[in-house]
Amino acid sequence: MLRVENVTQSFGGIVANKDISFQIVENSIVGLIGPNGAGKSTLFNVISAIYKPTKGKIMFNGKRIDGLPPYRIATLGISRTFQNLQVFRNMSVIENVMVGYHTNSKTGMIQSALRLPRVLKEEEDVYTKCLQFVKFVGLENDIEILAGNLPLGKLRLLELARALAVKPKLLLLDEIAAGLNHNETKKMSGLIKSIKDKGITVLVVEHDMDLVMGICDSIIVLNQGEKIAEGTPYEIQQDEAVIKAYLGEEVKESVAN
Ligand code: ADP
Ligand code: MG
């Protein structure tokens, strides 16, 4: 479904991604892990066309997508969430999800904001459809709440609902469980599995190893911009280079806490 071929992304002297190649097969959950600064978010930005890679190419369902304008990426069926959350804080939960929907619909945001008559019926349908995504993530009691008034756990759920409203074939989740407590993280794991069951392929960046090891079919490990390993959760947990670069650190942290 997705093929990343020899992608390098440099910012001046910093090489955030170095000659990275991998493939993602349809209907799988793939984990992307590595220490802070490893280049995970940069890779998401390259795949979602926020950056055009310095070198290499990206194929999605047989079509070359690197360098396309970002809105085209959404239309082709890729959507994402952001590590630092990109919800509209002065808009309600349902309005935020409707923005996601419009990213990939005939009626643009501007037309619908102008409330052209022929658009009104369409907006009603959009509202009903978006309600399904709100319910799916469990925010049905917060439909009219302003996003700015939501706690972090619900904001992450809102980002997820908005990304789903784009109706992606491939969903990129950047640290979707960061800052969540144990129960919220477990709920998020369950949601990601049901997203896969809906036929959506997921690429997830996460530091929570219970989540990653519990739901991923395969895992890619980055360190200092390079891919250092790829395999099943079991293979990754045994991998010497991964333990040295990353998992060892996690173990040390959990002993220290
Ligand atoms: P991760 O998500 O794995 O923590 P990032 O992809 O955010 O890592 O960052 C990888 C490296 O690239 C870091 O050294 C970061 O400072 C650098 N970097 C990321 N984005 C930019 C940018 N827009 N300009 C300059 N440097 C950047
Ligand atoms: Mg990051």
Side-chain angles (χ1 to χ4, degrees), residues 2 4-22 24 29-58 65-70 73 78-87 152-153 155-160 162-163 168 170-180 184-185 188-189 192 202-213 215-216 218-231 233 236-237 239 241-253:
L2 184 80
V4 171
E5 291 180 25
N6 307 103
V7 162
T8 292
Q9 177 67 48
S10 321
F11 303 105
I14 298 168
V15 187
N17 292 151
K18 264 177 229 166
D19 197 26
I20 292 181
S21 300
F22 63 87
I24 292 181
I29 301 177
V30 178
L32 181 63
I33 66 172
N36 283 327
K40 306 179 296 295
S41 293
T42 301
L43 193 54
F44 269 25
N45 288 337
V46 173
I47 296 170
S48 48
I50 292 172
Y51 304 138
K52 177 168 171 43
T54 315
K55 280 188 206 145
K57 62 178 181 178
I58 299 175
I65 61 164
D66 53 280
L68 289 179
I73 301 289
I78 300 180
S79 79
R80 66 171 295 180
T81 64
F82 292 83
Q83 180 175 351
N84 56 357
L85 295 162
Q86 304 240 330
V87 298
L152 177 73
L155 280 173
R156 295 240 179 253
L157 292 170
L158 176 55
E159 275 251 319
L160 183 61
R162 192 189 52 183
L170 174 66
L171 177 64
L172 313 175
L173 304 176
D174 196 353
E175 301 209 15
I176 190 81
L180 302 190
E184 289 169 333
T185 304
M188 190 59 83
S189 292
I192 299 171
V202 184
L203 178 61
V204 56
V205 166
E206 229 339 289
H207 287 295
D208 188 294
M209 283 304 122
D210 289 341
L211 181 145
V212 170
M213 299 300 169
I215 64 172
C216 291
S218 66
I219 297 173
I220 295 158
V221 189
L222 299 187
N223 187 40
Q224 298 182 356
E226 289 181 84
K227 183 176 100 173
I228 60 165
E230 184 171 7
I236 293 302
Q237 280 168 308
D239 190 290
V242 177
I243 292 168
K244 192 155 170 272
Y246 184 53
L247 293 179
E249 196 179 299
E250 296 287 292
V251 172
K252 260 188 275 162
E253 272 170 23

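We number each residue from 1, following the sequence as shown. Both counts, for ligands and for their atoms, begin at 1 and track the order of listing.
For the pair Lys40 (side chain) and Gly34 (backbone), a donor-acceptor distance under 3.5 Å is present. With hydrogens and angles disregarded, no donor-acceptor distance shorter than 3.5 Å links the side chain of Asp66 to the backbone of Lys57. At distances below 3.5 Å, at least one donor-acceptor pair connects side-chain atoms of Glu159 with backbone N or O atoms of Phe82. Here the side chain of Lys55 pairs no donor or acceptor atom with the backbone of Asp19 at under 3.5 angstrom.
For the residues Gly37, Gly13, Gly225, the heavy atom positioned nearest atom 1 (P) of ligand 1 is part of Gly37.
Geometrically, ligand 1 and Gln83 share no nitrogen or oxygen pair separated by less than 3.5 Å. Remark: ligand 1 and Ala16 share no N or O pair separated by less than 3.5 Å (distance only, no angle test). Polar contact with ligand 1: absent for Ile14 (N/O pair, distance under 3.5 Å). Note: an N/O pair closer than 3.5 Å links Gly39 and ligand 1 by distance alone.
Note that atom 16 (O) of ligand 1 has no protein non-hydrogen atoms nearby, at separations under 4.0 angstrom.
Of the protein's non-hydrogen atoms, Phe11 CD1, 3.3 Å is the one closest to atom 27 (C) of ligand 1. Closest to atom 5 (P) of ligand 1, if we only count protein heavy atoms, is Thr42 OG1, 3.6 Å.
Partner of Ile20 under the side chain to side chain contact (heavy atoms under 4.5 Å, CB included) criterion, out of Val46, Leu222, Thr42: Leu222 alone.
Among the backbone and side-chain atoms of Thr42, none of the N, O or S atoms lies under 2.8 Å from the Mg ion (ligand 2). Contact annotation: Gln83 places an N, O or S atom under 2.8 Å from the Mg ion (ligand 2).
Within the 4.5 Å cutoff, no side-chain heavy atoms of Ser41 are placed close to those of Val205.
Below 4.0 Å from some heavy atom of Ala38 lie the following atoms of ligand 1, by number and element: 1 (P), 3 (O), 8 (O). Every atom of ligand 1 with a heavy atom of Asn36 under 4.0 Å away is listed here by number and element: 4 (O). The Ser41 neighbourhood of ligand 1 comprises atoms 1 (P), 2 (O), 6 (O), 7 (O), with distances under 4.0 Å to a heavy atom of that residue.
In the displayed structure, Lys52 atom NZ is contacted under 6.0 Å by more than 12 heavy atoms of other residues, nucleotides or ligands. For Gln86, the CD atom counts as densely surrounded, since its 6.0 Å shell holds more than 12 non-hydrogen atoms of other residues, nucleotides or ligands.
Here Tyr51 has side-chain heavy atoms under 4.0 Å from ligand 1, and that is the only part of it that gets that close.
In this structure, Glu206 has no side-chain hydrogen bond (donor to acceptor under 3.5 Å, both in side chains) partners at least two apart in sequence or on a different chain.
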